[in-house]
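Atom set for the values below is all heavy atoms of this structure, side chains included, hydrogens, waters and symmetry mates excluded. Reminder, nothing fancy here: chain letters follow the sequence lines and each chain counts from 1.
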Number of protein chains: 2
Amino acid sequence: MNGFLGTYSVSLDDKGRINVPAKFKGLLEQDIPQLVMCVMDGFLIVFPQREWGANEERLSHLNPSEKEDRNKLREFYARATECEIKSGKILIPAAQREAAGLKNEVMIVGMSKTFELWAPDRWEKESG
Amino acid sequence: MNGFLGTYSVSLDDKGRINVPAKFKGLLEQDIPQLVMCVMDGFLIVFPQREWGANEERLSHLNPSEKEDRNKLREFYARATECEIKSGKILIPAAQREAAGLKNEVMIVGMSKTFELWAPDRWEKESG
DNA sequence: AGGATTATGTCGCAAAGTGTCGAAAAGTGT
DNA sequence: ACACTTTTCGACACTTTGCGACATAATCCT
């Protein structure tokens, strides 16, 4: 497997869940069902448990008494949420849906080790 | 074998698959059946597994927490898709067919380590 | 506790992906 | 040119996946 690749359009069900594309399932289920979902600049990043660990490692070099670094840390931790894959679906909490402007349709965008969730209109703008 | 050479015209079947030219099969089947197909500027580029690895290597120095770099990474990962040769055929997912404007006929263009897929009219313009 | 809101599981249909086979077409050797 | 082999192609049946809908379960609030 080559990590999370590709762009998928999936629908949010009436309860705010998405179906994980089959190609991602393989990657996730070998792993642990836990995920960390993190609000970025208008979209969401999803870290499989393992990658979140690696990310924390990276963040651990930042110095919490430096204002710059502190902001960066806050960016990650403050708006992150733990999720799980259940019955092949991920529930996106209301706050995160809100933050990313997700309505009925969600673009799932592979980024190798992680993947992102975008509202279609924002994705459109981003990807040209 | 000397890598992927030559230009072939093949047809898309009713489900969007192409038959891999016999001359390419040797090269691919010795190898691993996995491929990565990536949308470029109006056409598709197909990386055998091994070559994709080399490409990732090239991307690995980018820092996913830098916005600039992140965009660059996204350009590759988001537009890529994992495929396989199955029964001598490659399924080109609907999104990729769309992106490359593929209809009934596809030009397969050898590029040594990789090969490309073009809609005939676009290829005409490019090579003409 | 009761009712509302949020979360989770399951099922069936429609759409997308896959395997196979035989006929047509292209390529090969004599 | 002819027979023979290989490759390509279309068709069909089958399998898997995505998605909406509904039912059930958990949680929160007053």
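- Scanning atom types as modelled, one donor and one acceptor separated by under 3.5 angstrom connect the side chain of B:Lys89 and the base of C:dT20.
- Considering only side-chain N and O atoms, A:Lys15 lies nowhere under 4.0 angstrom from the phosphate OP1 or OP2 of C:dT6.
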Check: residues 79-96 of chain A side-chain donor-acceptor pairs under 3.5 Å, at least two apart:
from    : atom 1 : to      : atom 2 : distance (Å)
A:Thr81 : OG1    : A:Gln96 : NE2    : 2.8
A:Gln96 : NE2    : A:Arg79 : O      : 3.4

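- When rounded to the nearest whole Å, the span between CD1 of B:Ile85 and C1' of C:dT18 equals 15 Å.
- Tested against A:Phe47 for a ring pair (Phe, Tyr, Trp, His ring centres under 6.0 Å), the candidates A:Trp52, A:Phe4, A:Phe115 yield a single pass: A:Trp52.
- The nearest whole Å value for the distance from the NZ atom in B:Lys25 to the P atom in D:dT7 is 7 Å.
- Between A:Gln96 atom CD and C:dA7 atom C1' there is a gap of 15 Å when expressed in whole angstrom units.
- When atom types are taken as modelled, the side chain of B:Asp69 and the backbone of B:Leu62 share no donor-acceptor pair closer than 3.5 angstrom.
- Using modelled atom types, one finds a donor on one side chain and an acceptor on the other under 3.5 Å when comparing B:Ser9 with B:Glu105.
- Rounded to an integer number of Å, the gap from CD1 of B:Ile18 to P of C:dG17 is 14 Å.
- The side chain of A:Arg17 lies closest to D:dC22 when the candidates are D:dT8, C:dT18, D:dC22.
- Across the protein-nucleic acid pair, A:Lys23 atom NZ and C:dG17 atom C1' stand 10 Å apart, rounded to whole Å.
- Atom P of nucleotide C:dA16 and atom CD1 of B:Ile92 are separated by 16 Å, given to the nearest angstrom.
- Here the P atom of nucleotide C:dA7 and the CE atom of A:Met37 are 12 Å apart, to the nearest Å.
- Nucleotide C:dT10 forms a pair with D:dA21, judged by Watson-Crick or G-U wobble geometry with both contacts under 3.5 Å.
- Although no hydrogens or angles enter the test, the distance criterion places a donor-acceptor pair under 3.5 Å between the side chain of B:Arg122 and the main chain of B:Gly42.
- D:dC12 atom C1' lies 12 Å from atom CG of B:Asp13, rounded to whole Å.
- Nearer to the 5' terminus of DNA chain D, by closest-nucleotide assignment, is the contact made by B:Asp14 (compared with the other of A:Tyr8 and B:Asp14).
- Taking 4.0 angstrom as the limit, B:Ser11 places a side-chain polar atom (N or O) nearer than this to OP1 or OP2 of D:dG10.
- Ranking C:dT20, D:dG18, C:dT8 by closeness to the A:Asn19 side chain, first place goes to D:dG18.
- Contacts of B:Pro21 with the nucleic acid, taken as non-hydrogen atoms under 4.0 Å apart, involve only primed sugar atoms and P, OP1 or OP2.
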